[in-house]
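Working notes, structure below.
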Amino acid sequence: TEEGLKPINTKGIKFNYNLHEAVKHIEHELEEGMVIEEIQKGYMLHDKVLRPSKVIVSKGRAKNG
């Protein structure tokens, strides 16, 4: 927006501890460290994080055998 407030991108991108807060890690087909789901929207004001996005993060596929 023109005031500088913008939501933080989450789903389908690599987890970034500067922007995201991992609330859970689960096995998933996405590679390890990728954001699977957003639990709570995070926001930035200009280049400063007001609130990190709370997310679920992939820990990769289950190891078989």
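All values below come from the heavy atoms of this structure, side chains included, with hydrogens, waters and symmetry mates left out.
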How close do S53 and G42 get, counting heavy atoms only, and between which atoms?
OG-N, 3.0 Å
For I8 versus M44, what's the shortest heavy-atom pair and its separation?
CG1-CG, 3.5 Å
A quick test of your reading: do over 12 heavy atoms of other residues, nucleotides or ligands sit less than 6.0 Å from CZ of R51?
yes
Is it true that Y17 and V49 fall in one hydrophobic cluster, defined by side-chain heavy atoms closer than 4.5 Å?
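No, no single cluster joins them.
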N16: what forms a side-chain contact (heavy atoms from CB on, under 4.5 Å) with it, not counting sequence neighbours?
N18, L19, H20
List the atom pairs, with distances to 0.1 Å, where a side-chain N or O of residues 22-40 and a protein N or O form a donor-acceptor pair under 3.5 Å, not counting sequence neighbours.
from: H28; atom 1: ND1; to: L30; atom 2: N; distance (Å): 3.0
from: E38; atom 1: OE1; to: K41; atom 2: NZ; distance (Å): 3.3
from: E38; atom 1: OE2; to: T10; atom 2: OG1; distance (Å): 3.3

